[in-house]
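Just so we're on the same page: letters track the sequence lines, and every chain starts at 1.
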Amino acid sequence: MTDQVLLALPSKGAIADPTLDFLRDCGLRVEKPNPRQYIGSIPVLPHVGVLFQRVKDVLYKVVDGVAHLGITGLDVVKEYPNENLIVIHDDLGYGQCSLLVAVPEAWVDVESIADLVDVALDFREFKHRNLRIATTYTNLTQQFMHMHGIHHFTLAKAEGAIEAAPTIGYADVIVDLMQTGTTLRENHLKPLHDGVIVESQACLIGNRTALRENPAVLEAVRVMLEFIDAAMSGKRFYQIAVNICGGDAQEVARKVANNPVTLGLQGPTIAPIFNARDKNAEPWHTVTVTIPSKHLLQAVEYLRSIGGTETIVTPVRYVFYEESPTFRSLLTRLEQQG
Amino acid sequence: MLYLLIEIYYPRKIFAVQKSAHDVVQRMEIVNRLVQFMAQYGYQVIDTPLIESAELFLTKAGYQLIDQLLTFDRLGRELTLRPEFTAGALYHYLQQYPTQQPITRWQFNGVIFQDTLGNRANGSGAHSYQRYSVGAELIGMDGPSTEAEIISMAVLGLEKAGVPNWRLIIGHVGLMRHMLEQFALDNRTLRFLLKQRAALKDPSRGKAYVLEQLDHYLVGHGHKNSAVDEHLGDAISTEQMLDVLLTATERGATMGGRTREEIARRLMQKRQRLAERSQIVGALDFLARWAAISAPAEEALTALQSLISPDDAVGQRHLAHWAEVLELVKVYDVPVERILIQPDLARSWDYYTGIVFEMHTGDGQHLGGGGRYDELAHLIGDQRSIPAVGFAYYIEQLLKATTFIIAEKSPVAVGITPQTRAAGARWAHLLRCHGVTARLLPLADLPGEVYALQVQEDGSAVLGSRHFYIDTVEELIAEFA
């Protein structure tokens, strides 16, 4: 068994560049020696090779075991479920989009799936034909339609420019990915508010057999998840260093810890400042504390209120916990599923 | 134990439907009994294709079953594995008799295929796509005697198959639909109401739940047609609607296969349905009273009579027909105490038009059912209305319920060596000629066999401690009598 672990990444499409940016931000920079080549490497993971594939092919390659790991869209994973595939991380936080049902704007009588059920029956009764749905997501579309009571429909399979299908005339409605809705609007389509089939984003997937049987693959995932979890956790925090005048270290610590926002991960670090010019001056301390990003201004204002000044805020690159929580969860799932 | 493996591929996983050899024998025996029993009524065995055009079933399958069809695409044609026999049988009838309408009694038996979503959703590993079905169709004959014959044959057949504790539930789809027609609802609304019967009977949901569903259905999740409502007041006419639509559809030429007139008509219908809410609630109340009836024949018919106006000629005719069928069923010695009338009973296929019935065990296991389906010929594209009644058993359920068990007989194992091959074959042949099951095995494999016959080099054979000879084979046969 080879120690080389292969990671498949999207070569084109909406999540191709964001994936490279994401991995770089996590400290897993991908090197692609030649833009025309389909292979690359990750210098911090010398045993991991990178294979660039189309989003759908990333999944196929991982399922087949050609690649051991991959990053693709959750929509693709849900469209092609496979028992040999395991979603290792389903919330990488980029590439968000919705797979949804959209109908022509001119259908002013259709606002919901309940309306579409009715229209599908109209097609059957009055036009003697099925409602035609253009999509590349035939499995998910079929399941969704049946689940909502639309049984008389024909899938018009298409690979690109799905939004144009109702205008061209080979479909009546579409099921496609929507990010901002601009493309739909430009093609005179509107999404149905209850027609969302999948809320998608980028996810990390793995070949179940490889993860179970090849320790090198498991080790590569562990290292990747250490970086990914730590970097994603880091984005949720800022580190604040602030100088506070007066009182002793205990008193400053008590004041800072008194507010849950400035309590930090464990508690504040208090360090005395040595004043070389005036030994009798009021004592100063530097307080260092890690706070949630969303509470930044609240924290700064509180620290000011207890005498803080010269507040320095730096982004946190990584927060490493005892172990990667995603890796722990992966091990549990691999054990449970036998 | 010998297993027969039937492999069906489903995304990279093999599902094996395991049947022991004895289970197969048991099933064959019960099927044979049913086939012979139905043959006594004049039903000829036919077969229908395993693979049919999906359209044949899509046109008439109930909404519950369409998504259970196992369909596939072949060179642009949508095909399906047969989910039942009725449509195939009727199609066969229409093809065979394009101008005549002979009275035909057909029976069938074989596998049918359905993909039960429930199994898929709950991740059940033991996912079986196929079932065995046995049933009959009486096509081209009308009148109460047809339903009586089919119902009686179905339940008496259960006794032949060793299911003594059956229960029979009879309903009438045609009468129920007729009674709801007086509320002048469109087909969509009618279908919606019929779907609510289980909820109406469920104490945890009941009428309040159904009313909630109704409002959901009427106003489409509470979302009004914002594009149009702002332009329209209470007075609506097609002309006004078209004017509004001309404005609304100016945004683009994308009409998705519908015309402005069609969109306008549907908008009008949506608004009319809202206006008809009180009428729908009236129909719902009626349906609740109708569905509450569940009683023995005499009591149920009296209750039904009280709900049908004496001036309602069609309703009275349906009821009289139903009463006559029940009287005729008694003629066949079907015990009346096992019959329950449930007027809202509706089978899972939408094509039924008259009396429908289901057979259950005492503890509620569903053994099969059927009913009248006079309009199915229309639905599958024929101009004629062909009277037809049929039913089917679910053999897997029937096998679980049967008290009839075939004793498992151990075959005689004839042990041979290279030197006794010919003598062994002779012994096995003679045993088979006398009706004894015999199979050849290498002598070394005999230990563990119930009947182990060791063939000797001199042509004799030893069973236990006794010696037997070819010319007195009857002595050995007597051992297995």
Side-chain angles (χ1 to χ4, degrees), chain A residues 63 80-85 102-119 121-127 129-132 139 142-143 145-147 149-152 154-155 157 163-174 185-190 192-194, chain B residues 10-13 55 58-59 61-69 71 73 78 117 120-121 187-188 191-192 195 216-229 231 241 244-245 247-260 262-271 273:
Chain A
V63 166
Y80 304 102
N82 193 288
E83 293 186 341
N84 206 22
L85 191 81
V103 303
E105 277 179 348
W107 290 15
V108 288
D109 59 324
V110 178
E111 301 272 331
S112 66
I113 292 295
D115 281 327
L116 195 62
V117 173
D118 215 23
V119 169
L121 290 169
D122 277 348
F123 269 95
R124 190 80 191 170
E125 279 177 29
F126 304 122
K127 292 180 176 289
R129 72 163 172 87
N130 286 345
L131 178 75
R132 300 165 306 170
N139 295 328
Q142 231 162 346
Q143 284 167 24
M145 294 298 161
H146 283 315
M147 195 170 73
I150 299 177
H151 302 298
H152 297 296
T154 302
L155 293 176
K157 292 171 199 167
E163 305 85 4
T167 307
I168 296 169
Y170 72 87
D172 306 305
V173 302
I174 68 162
R185 278 191 297 277
E186 284 173 356
N187 285 280
H188 309 292
L189 299 173
K190 61 178 180 182
L192 297 183
H193 71 92
D194 56 353
Chain B
Y10 184 72
R12 289 178 175 272
K13 181 172 180 181
E55 189 66 13
L58 287 170
T59 47
Y63 51 85
Q64 306 98 319
L65 285 184
I66 285 178
D67 56 347
Q68 295 184 12
L69 294 178
T71 56
D73 182 275
E78 196 180 11
L117 286 172
R120 219 188 296 157
N187 278 340
R188 278 330 130 64
R191 185 184 279 256
F192 165 81
K195 270 175 77 177
H216 185 75
Y217 164 76
L218 289 175
V219 298
H221 301 242
H223 283 249
K224 293 188 173 179
N225 291 295
S226 49
V228 174
D229 284 359
H231 295 90
M241 195 70 81
V244 171
L245 277 165
T247 316
T249 55
E250 263 169 16
R251 286 170 234 171
T254 306
M255 297 298 291
R258 300 172 78 202
T259 63
R260 288 189 172 100
E262 285 164 353
I263 296 168
R265 188 177 61 218
R266 192 172 165 273
L267 265 178
M268 296 273 282
Q269 269 176 357
K270 276 184 83 172
R271 288 181 159 261
R273 277 184 199 150

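In this structure, B:Met255 and A:Ala106 approach most closely via the heavy-atom pair SD-CB, 3.5 Å.
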Practice item. Begin from the C-alpha positions of B:Arg266 and A:Asp118 and carry the test salt bridge (charged side-chain N to carboxylate O under 4.0 Å, His left out) through to its verdict. Key: CA-CA 9 Å; B:Arg266 192 172 165 273; A:Asp118 215 23; 3.2 Å; yes

Exercise for review: For the pair B:Lys270 and A:Asp115, evaluate side chain to side chain contact (heavy atoms under 4.5 Å, CB included) and give the outcome as yes or no after the intermediate values.
Suggested key: CA-CA 9 Å; B:Lys270 276 184 83 172; A:Asp115 281 327; 2.9 Å; yes

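In this structure, chain B has a heavy atom under 4.5 Å from the side chain of A:Phe123, while its backbone stays farther away. Residue contact with chain B, scored on non-hydrogen atoms closer than 4.5 Å, involves the side chain of A:Leu189 exclusively.
The number of heavy atoms from other shown groups lying within 6.0 Å of NZ (A:Lys127) is above 12.
Among A:Val103, A:Val119, A:Asp172, the one residue that satisfies the side chain to side chain contact (heavy atoms under 4.5 Å, CB included) test with B:Arg258 is A:Val119.
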